[in-house]
Amino acid sequence: MGTYTHAHPGLANIRHRPYGAGALAGLIAGIVMIVISMIVAASTGAGATMPLRGIAAALYGVDALVGGGGILLVGLMIHLAFSVVAGLVFAGIVGNVRTGVAFGAGIAYGIIIWAVNTFGILPATNPTLSARSALMPGAWFVFHLIYGGMLFLVPILHRAHTGER
Amino acid sequence: MRAVSIVSAGLICGCTFLLLARVSLSQGMANRIAEPTGMDQQILSKMHQVNQMEINVGKLAEQKSDDPEVKRYGRRLVRDHEMADRKVTMLAKQLNLILMTPQSQTPEEQQKMQMQMQMVDKLKTLSGKDFDNTFLPAMVQGHAEAISMLKGAEGKLPEQSPVRMLISKLLPILQQHQQLAEDLQKQGR
């Protein structure tokens, strides 16, 4: 290690963060989040496919609300891609911590993602989904908490991969 | 690791504080919410009537159209307007208002209501492409009128009116319906 990284060992370790585990945990969390949101959408009468259509509206606009199966697939791919990237970023920030710490950090991370999504990204890039999420603000918030909380899997998956105890 | 724990705890506390602040702000606003007025009852009744009409027309589209996207559009109308109607009836109940059949106030409004009913009757007799060619332009116009009505109502209500807040949430949904109908029409559905 050089002088700077010797003085700042955290930086030297940034390459050794559990990125693989973060990506996989992000994927799993994304799947759980979208499944729960589809169940809630179905139970409230909005239709189970509404979450996927809302996400796909980032590319297709309101036409995503009536598109066929291809639209749903695109919505799913967008959501899972973001989930994986967010998991990677989480692993890069938090590193290899205890499961309980990962859960707490994940909840905070989920809240941050919710805030950035709700007040920043969606109004600018997906007004269709932004308008619809405004009709169910509580559930929308909880979906993001679920995603963040599921990132407790990062240390578990990392230990499973490396064989650490 | 300790730093991460501290940062995590700090973030959770900070976010919780922000959320509690937002809730208490909303509560404060709720305490200043305007008392319901006769205009509230009239507007909610009109919204209820529009929702019921859109639900019926949406169901017609599901039955009568042969085009999968028009059918999905009909289903979307039904789902969204059922959701909107639940919010309207719930708000009316909270405000102790009874939803009535709105009475037309001007000859123009009476004529509009008659034309809408005639349009629904006409749609019942059509099917396939003929249905789509009549249904989609009717949806564009019908939603434009509903949006105009709601925007007018929104402007007349006080800022803290719960009816105004509901209108501001539902207006984008109506605009999406109008846009969808225009897009389907352009695609030659």
Side-chain angles (χ1 to χ4, degrees), chain A residues 10 13 17 41-42 44-50 53-54 57 60-69 71-72 90 93-98 100-115 119 123 127-138 141 144-145 148 151 155, chain B residues 1-19 22-23 26 55 58 61 65 67-87 136 165-166 168-184 186-187 189:
Chain A
N13 290 337
R17 298 290 165 91
T44 57
T49 60
M50 188 61 231
R53 294 183 181 282
Y60 295 98
V62 291
D63 292 357
L65 299 179
V66 297
I71 297 272
L72 304 183
F90 178 79
I93 295 170
V94 168
N96 189 20
V97 296
R98 290 196 311 274
V101 173
F103 178 74
I107 293 287
Y109 189 62
I111 293 172
I112 292 169
I113 293 178
W114 163 81
F119 303 111
T128 303
L129 182 57
S130 180
R132 286 173 183 270
S133 66
L135 292 170
M136 37 181 280
F141 178 71
H144 288 81
L145 280 188
L151 294 178
Chain B
M1 264 192 258
R2 186 175 294 180
V4 171
S5 306
I6 293 170
V7 168
S8 302
L11 278 170
I12 290 172
C13 289
C15 292
T16 308
F17 172 76
L18 281 170
L19 275 169
R22 193 167 192 275
V23 166
S26 302
I55 289 166
S65 177
D67 188 298
E69 290 205 354
V70 176
K71 281 179 179 290
R72 279 194 284 265
Y73 177 67
R75 200 173 314 138
R76 182 49 47 202
L77 285 181
V78 171
R79 285 179 167 152
D80 287 351
H81 284 282
E82 280 179 345
M83 174 275 300
D85 211 43
R86 279 195 296 273
K87 290 187 182 292
L136 291 174
M165 290 183 214
L166 179 61
S168 69
K169 285 188 177 177
L170 294 179
L171 261 176
I173 306 301
L174 289 182
Q175 288 162 341
Q176 289 176 14
H177 291 171
Q178 184 188 12
Q179 182 66 54
L180 263 173
E182 285 174 359
D183 290 350
L184 287 170
K186 278 182 206 162
Q187 290 165 22
R189 300 280 169 178

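Note that these values count all heavy atoms, side chains included, but never hydrogens, waters or copies made by symmetry. Since we're looking at a predicted model, the values are computed, not measured. Per chain, numbering begins at 1; letters A, B, ... match sequence-line order.
- Within the structure, salt bridge (Lys or Arg N to Asp or Glu O under 4.0 Å) contacts touching residues 128-138 of chain A (residues at least two apart or in different chains) are A:Arg132-B:Asp80.
- Ranking B:Arg76, B:Lys169, B:Gln175, B:Arg75 against chain A, the residue ahead of the rest is B:Arg76, based on heavy-atom pairs under 4.5 Å.
- Between A:Thr44 and B:Arg86, the closest heavy-atom pair is O-NH2, 2.6 Å.
- The two residues B:Gln179 and A:Val62 make their nearest non-hydrogen contact at CG-CG2, 3.4 Å.
- When all heavy atoms are compared, the tightest approach of A:Ala131 to B:Gln176 is CB-NE2, 3.7 Å.
- For B:Lys87, the side chain to side chain contact (heavy atoms under 4.5 Å, CB included) criterion is met by A:Leu135, B:Met83, B:Leu166, not counting sequence neighbours.
- Atoms NE2 and CG, on B:His177 and A:Leu65 in that order, are 7.5 Å from each other to the nearest 0.5 Å.
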